[in-house]
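Worksheet for the structure shown next.
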Amino acid sequence: MDEFDIEKHPDLMNPEWQKHAEREAWIGARQDRRRGRSRKAATIAAVVVVAAAAVGVYLWTRPAGDQSAASPVPAGSLAAVPSTATPSTAAPGPTDLPTAASVDLSRPFDNTPAQNWREGIDGLAIPPAAKTGPFSAKQVEQAQQQVKQAIVLAHFDNGIHESHNADALVQLFAPNARTDIQAHAVSYAVFFPEGYHLLPAPPRMNGKMTVRPGDEGELVVHVSYVVAYAFDPGTHTYHGPADLDPFVRVDQDYVLRIGSGWEPGDRGLWFDKGGSYFTSIACRQPDDGILAPAFSDPTYDAPPISAQPGEFDPDKPLPTKGNCGK
């Protein structure tokens with residue numbers, strides 16, 4: 001054998017070594033290729049009537065990119081969501097999402113930031129309802145429960161995720177808010193691509209809710225949270241939790257409009273200012289906003305991106321830097 005003909009070395013011709021080398025090269029190429037998307041949606045202006053006439057502007061900023069699901073929640077009834085307050089956020093755990101590591105599909109959140117998070121909506125810390133500005137404790141509790149139900153439907157209702165039918169979510173909002181939410185449902189609820197399903201492990205959540213008075217006749221409910229999902233890879237190749245577990249980070253204001261100062265069609269719940277950031281996602285989903293796991297996009301080649309401080313921590317500002325071209 002020619003001493004310079006290195007590619008024919010017996011060790012390099014070994015199929016098992018070649019498989020190992022290919023995997024290590026693939027992992028090495030991915031080390032700095034963290035997947036993140038931050039999509040800003042349109043600014044929506046709506047005219048509302050308060051006593052005389054006034055103009056209200058509602059901004060929603062919703063980056064697209066990761067996926068969600070969980071056990072379905074019956075639509076139309078707040079009774080489906082317990083009214084007890086969630087006491088606290090999750091215990092500290094891992095602070096990053098491994099690209100290359102072993103995965104136990106029966107415990108897909110192990111060694112990820114979601115390792116110690118609670119399942120589903122139980123991971124959202126909700127303060128006890130109390131009088132806030134001119135709003136009674138009962139009105140505050142009503143607002144908290146409506147927002148809680150909206151989050152359950154948007155992030156934990158598998159029927160909505162797979163059918164892409166968000167009617168149950170739309171009906172929770174004020175009549176004059178519904179047309180826009182219906183038209184941009186993919187920006188308000190999590191949709192999965194056809195053929196992709198979650199593992200039996202329920203999605204996990206970490207976050208908190210706060211309440212404050214807004215403009216006259218408005219109560220603002222702010223939520224800051226992260227939701228993690230674990231997708232069934234089926235026959236797809238995966239190399240670590242980052243291939244299976246997309247994370248959705250959300251900061252969102254909801255506004256409850258109460259009282260005779262509002263026209264009947266404007267009374268009720270509205271989306272207000274907000275934003276989202278998605279980690280460990282498929283960048284090449286053909287339908288913008290449809291959320292797919294990273295293993296469905298194995299040839300990912302977007303520019304490198306470093307870890308973002310607020311990806312997994314709802315106490316930090318929402319990240320804005322993405323590398324999926326959105």
Side-chain angles (χ1 to χ4, degrees), residues 40-63 76 78 81 83 85-86 121 124-155 166-190 207-225 227 248-276 314 317-318:
K40 290 189 176 182
T43 298
I44 305 165
V47 178
V48 296
V49 180
V50 189
V55 177
V57 180
Y58 315 104
L59 170 67
W60 49 269
T61 341
R62 191 78 189 254
L78 293 180
V81 183
S83 60
T86 305
I121 197 65
L124 185 68
I126 301 176
K131 187 177 186 302
T132 303
F135 301 96
S136 68
K138 183 175 181 180
Q139 289 173 319
V140 170
E141 182 178 18
Q142 177 190 11
Q144 289 175 322
Q145 291 308 304
Q146 284 184 278
V147 170
K148 189 175 181 181
Q149 179 76 341
I151 294 171
V152 167
L153 290 171
H155 286 280
D167 288 351
L169 175 65
V170 171
Q171 293 305 310
L172 289 178
F173 289 82
N176 288 347
R178 294 172 189 169
T179 298
D180 171 72
I181 297 172
Q182 189 72 69
H184 302 94
V186 72
S187 293
Y188 295 107
V190 173
K208 60 185 179 181
M209 174 189 290
T210 57
V211 182
R212 69 179 188 272
D215 294 335
E216 186 175 354
E218 292 185 341
L219 182 67
V220 179
V221 179
H222 178 78
V223 288
S224 181
Y225 58 85
V227 181
V248 181
R249 167 83 167 83
V250 176
D251 268 354
Q252 182 68 55
D253 281 347
Y254 294 80
V255 171
L256 186 66
R257 292 176 174 161
I258 302 172
S260 59
W262 297 98
E263 290 293 313
D266 292 321
R267 295 174 197 160
L269 193 66
W270 290 74
F271 279 107
D272 203 62
K273 295 179 181 179
S276 304
L318 191 74

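For the single chain, residues carry numbers from 1 onward in sequence order.
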> With sequence neighbours excluded, what pairs up with I258 under the side chain to side chain contact (heavy atoms under 4.5 Å, CB included) test?
Replying inline: F135, Q139, L256
>> Give me the atom names and distance for the closest heavy-atom approach of E141 to A129.
In response: CB-CB, 3.6 Å
> Is a side-chain donor or acceptor of R212 paired with a backbone partner of V220 at a separation under 3.5 angstrom?
Replying inline: no
>> Here's a test for you: under side-chain contact (heavy atoms from CB on, under 4.5 Å), which of V221, L124, L172 qualifies with V147?
In response: V221
> Would you say the side chain of I151 lies within less than 4.5 Å of the side chain of Q252, judging by non-hydrogen atoms?
Replying inline: no
>> Going by side chain to side chain contact (heavy atoms under 4.5 Å, CB included), name the residues that satisfy it together with D215, two or more places apart in sequence or in a different chain.
In response: E218
> Do you know which two heavy atoms are closest between Y188 and A154, and how far apart they sit?
Replying inline: O-CB, 3.4 Å
> Can you list the residues that meet the side chain to side chain contact (heavy atoms under 4.5 Å, CB included) rule with Q171, with sequence neighbours excluded?
Replying inline: R178
>> Tell me every residue that passes side chain to side chain donor-acceptor pair (under 3.5 Å) with S224, counting only those two or more places apart in sequence or in another chain.
In response: R249, D251
> Does any non-hydrogen side-chain atom of Q144 lie less than 4.5 Å from one of P127?
Replying inline: yes
> Is the backbone of A150 close enough, under 3.5 Å, to the side chain of K148 for a donor and an acceptor to pair up by distance?
Replying inline: no
> Angle class for the F271/Y254 ring planes (parallel below 30°, perpendicular above 60°, tilted otherwise)?
Replying inline: tilted
> For the residue pair A185 and A166, what are the closest heavy atoms and their distance?
Replying inline: CB-CB, 4.0 Å
> At what distance, to the nearest 0.5 angstrom, does NE2 of H222 lie from CG of D272?
Replying inline: 11.5 Å
>> Please find the pair of heavy atoms, one from P213 and one from T132, that lie closest to each other, and give the distance.
In response: CD-CG2, 3.3 Å
> If you measure from CG on L153 to CG on D167, what distance do you get to the nearest 0.5 Å?
Replying inline: 11.0 Å
> Can you tell me if H184 uses its side chain to pair, donor with acceptor, with the backbone of D180 under 3.5 Å?
Replying inline: yes
> In a check of side-chain contact (heavy atoms from CB on, under 4.5 Å) between L269 and each of Q142, Q146, Q149, which one passes?
Replying inline: Q146
>> How close do W262 and G217 get, counting heavy atoms only, and between which atoms?
In response: NE1-O, 3.0 Å
> Any idea which heavy atoms bring V140 and A130 closest together, and the distance?
Replying inline: CG2-O, 3.3 Å
